[in-house]
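Worksheet for the structure shown next.
Whatever order the structure lists ligands and atoms in, that order sets their numbers, starting from 1.
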Amino acid sequence: MATDGKSNLSFVLNKPLDVCFQDKPVPKINSPHDVLVAINYTGICGSDVHYWLHGAIGHFVVKDPMVLGHESAGTIVAVGDAVKTLSVGDRVALEPGYPCRRCVQCLSGHYNLCPDMKFAATPPYDGTLTGFWTAPADFCYKLPETVSLQEGALIEPLAVAVHITKQAKIQPGQTVVVMGAGPVGLLCAAVAKAYGAFKVVSVDIIPSKLEFAKSFAATHTYLSQRVSPEENARNIIAAADLGDGADAVIDASGAEPSIQAALHVVRQGGHYVQGGMGKDNITFPIMALCIKEVTASGSFRYGSGDYKLAIQLVEQGKVDVKKLVNGVVAFKDAEEAFKKVKEGEVIKILIAGPNEKVETSLDTTVDEKKLEEAKASGGSGCC
Ligand SMILES: NC(=O)c1ccc[n+]([C@@H]2O[C@H](COP(=O)([O-])OP(=O)(O)OC[C@H]3O[C@@H](n4cnc5c(N)ncnc54)[C@H](O)[C@@H]3O)[C@@H](O)[C@H]2O)c1
Ligand SMILES: OC[C@H](O)C(O)[C@@H](O)CO
């Protein structure tokens, strides 16, 4: 068997800031429709960092030890008897949430809203920072030959961006403002461009993020100021010459001032999408929403077709996800990688699977002062 002699070492969160490595049994294929995947690479998401720091996101509370990670790509090592679409050796991007397939939401095509979703590294379900993982075959997406396994690990956040940007109903030639230039905002900007947006404005409060955004996908950038949301909105419109406002505005920050400015940037009859997660309740400019007849949507994870499109965008060179990767670390350095993400100076770090031979390509020395400052400034920006 392809797992013989291989480690199923897993990176486990016991409680906030208390992690360990555990060698768990290799999972068994329990359904003829499932496959067994050897994990090659996993990206660290803001939600993983949030669980590591706080042990909870909203009402999802880590009560028992939980394996972290959900942005993964791997190689098929065994397939169930009924699997026709994948074979041993195929390289796949993993969609990490499995819906019930029977409820009203699933049957109406919105499986991401399934109330019984089993989502990796969302308690009580273990995540993918492990050696081997079982998944339904139809939630594993074969990577084209030209797409690497490291790019495969970036398909998950790209699928989030594909879903958010679909909600914005962007038409070719339109203008789009993306609030927040973290991984999700950067990917939304790139997807908006791929959907045909003529101008894409990235907004953030950190100059270095905007410098990167300009080199990645943004046609314009704006450094948000400590002024009123209306004034920031006027400045964004002026900076990118957006006329009566942007056709679509996406929030990928979850920050209250950014959400407020967004409603003043969007044009009459435009679209607003809430992709960022933040405080449960904020002051929201309902008059702007109302009198401009803005169409506002939420966006949660990804649904039918989003992974497929994300892979196509990478395959066709429309979104260069490699540019987001600051480095790859060996599995044993997973905790250092989390600290590095929390320091706030990297975009994406990949953790190699425990059976993957990798030379660490990232300086994992952690600047404790920067880490303390980042911790003091609040959560991961996630929830
Ligand atoms: N909807 C979903 O399914 C989904 C999935 C994944 C992540 N998310 C959420 O998307 C958001 C972005 O994720 P990420 O991984 O890029 O997070 P991130 O924390 O790396 O990025 C957030 C960015 O927003 C910027 N920001 C903060 N305040 C701002 C302000 N006032 N104006 C403009 N920018 C501001 C930050 O500097 C940062 O660059 C998070 O809130 C995350 O929880 C949502
Ligand atoms: O990309 C998926 C997200 O990280 C998750 O939905 C998380 O933020 C909430 O559980």
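Of the N or O atoms in G275, one or more lie within a sub-3.5 Å distance of an N or O in ligand 1. Between M277 and ligand 1, at least one N/O pair is under 3.5 Å apart. Looking at ligand 2, you won't find any N or O of Y51 less than 3.5 Å from one of its N or O atoms. Between E156 and ligand 2, at least one pair of N/O atoms sits closer than 3.5 Å. Residue I164 has no nitrogen or oxygen atom sitting less than 3.5 Å from a nitrogen or oxygen atom of ligand 1, judged on distance alone.
Scanning both residues, F216 and D320, for their nearest heavy atoms gives CE1-O, 3.3 Å. Between T221 and A213, the closest heavy-atom pair is CG2-CB, 4.5 Å. The two residues V200 and A217 make their nearest non-hydrogen contact at CB-O, 4.4 Å. The minimum heavy-atom distance linking D204 with G182 is given by the pair OD2-N, 4.2 Å. The nearest pair of heavy atoms linking A121 to D48 is CB-OD1, 4.0 Å.
Of all atoms in ligand 2, numbered sequentially from 1 with element shown, those under 4.0 Å from a heavy atom of F119 are 2 (C). Near C45, meaning under 4.0 Å from any of its heavy atoms, are these atoms of ligand 2: 4 (O). Atom numbering of ligand 2 starts at 1 in the shown order; those under 4.0 Å from a heavy atom of T122 are 10 (O). Below 4.0 Å from some heavy atom of V203 lie the following atoms of ligand 1, by number and element: 33 (C), 34 (N). Atoms of ligand 1 found under 4.0 Å from any heavy atom of K209, numbered from 1 in the order shown, are 39 (O). Listed by number with element, the atoms of ligand 1 under 4.0 Å from a non-hydrogen atom of F300 are 3 (O). Counting the atoms of ligand 1 from 1 in the order shown, those under 4.0 Å from a heavy atom of R301 are 2 (C), 3 (O). Proximity to S299 (heavy-atom distance under 4.0 Å) selects the following atoms of ligand 1: 1 (N), 2 (C), 3 (O). Taking a cut-off of under 4.0 Å to the non-hydrogen atoms of G276, the atoms of ligand 1 that pass are 9 (C), 10 (O), 11 (C), 41 (O).
Both the backbone and the side chain of P183 come within 4.0 Å of ligand 1, judged by heavy-atom distances. Of all the heavy atoms of E71, none lies under 4.0 Å from any atom of ligand 2, so neither backbone nor side chain is involved. If you look at D204 next to ligand 1, the close heavy atoms, those under 4.0 Å, come from the backbone and the side chain alike. The residue F60 has no part lying near ligand 2, judged by heavy-atom distances below 4.0 Å.
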Could you check N40 against T75 for side-chain hydrogen bond (donor to acceptor under 3.5 Å, both in side chains), going step by step and ending with a plain yes or no? CA-CA 7 Å; N40 294 103; T75 308; 2.7 Å; yes
Are F60 and F119 close enough, and set up right, to give a ring pair (Phe, Tyr, Trp, His ring centres under 6.0 Å), and what steps lead you there? CA-CA 11 Å; F60 292 105; F119 200 88; 9.2 Å; no
Walk me through whether F21 and F331 qualify under ring pair (Phe, Tyr, Trp, His ring centres under 6.0 Å). CA-CA 9 Å; F21 292 101; F331 199 73; 5.6 Å; yes
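Looking at T128, its side chain does come within 3.5 Å of a backbone N or O of G69 through a donor-acceptor pair. Not one N or O on the side chain of K214 forms a donor-acceptor pair closer than 3.5 Å with the backbone of H220.
Nearest to atom 4 (O) of ligand 2 by heavy-atom distance, out of H70, M117, H163, is H70. Proximity annotation for atom 7 (C) of ligand 1: of I250, V341, V184, V184 comes nearest, heavy atoms only. Of the listed residues (A252, A262, G344, S47), the one carrying the non-hydrogen atom nearest atom 11 (C) of ligand 1 is A252.
In this structure, the salt bridge (Lys or Arg N to Asp or Glu O under 4.0 Å) partners of D306, at least two apart in sequence or on a different chain, are K166.
Under a 4.0 angstrom heavy-atom cut-off, G278 registers as lying outside contact with ligand 1. The shortest separation from a heavy atom of S258 to ligand 1 is under 4.0 Å, placing the residue in contact. For V160, the closest heavy-atom approach to ligand 2 falls below 4.0 Å.
Under 3.5 Å, the side chains of N355 and S7 contain no donor-acceptor pair of N or O atoms.
Aromatic pair Y125/Y98: ring centres not closer than 6.0 Å.
Two different hydrophobic clusters hold I170 and V203 under the rule that ILVMFWY side chains link at heavy-atom gaps under 4.5 Å.
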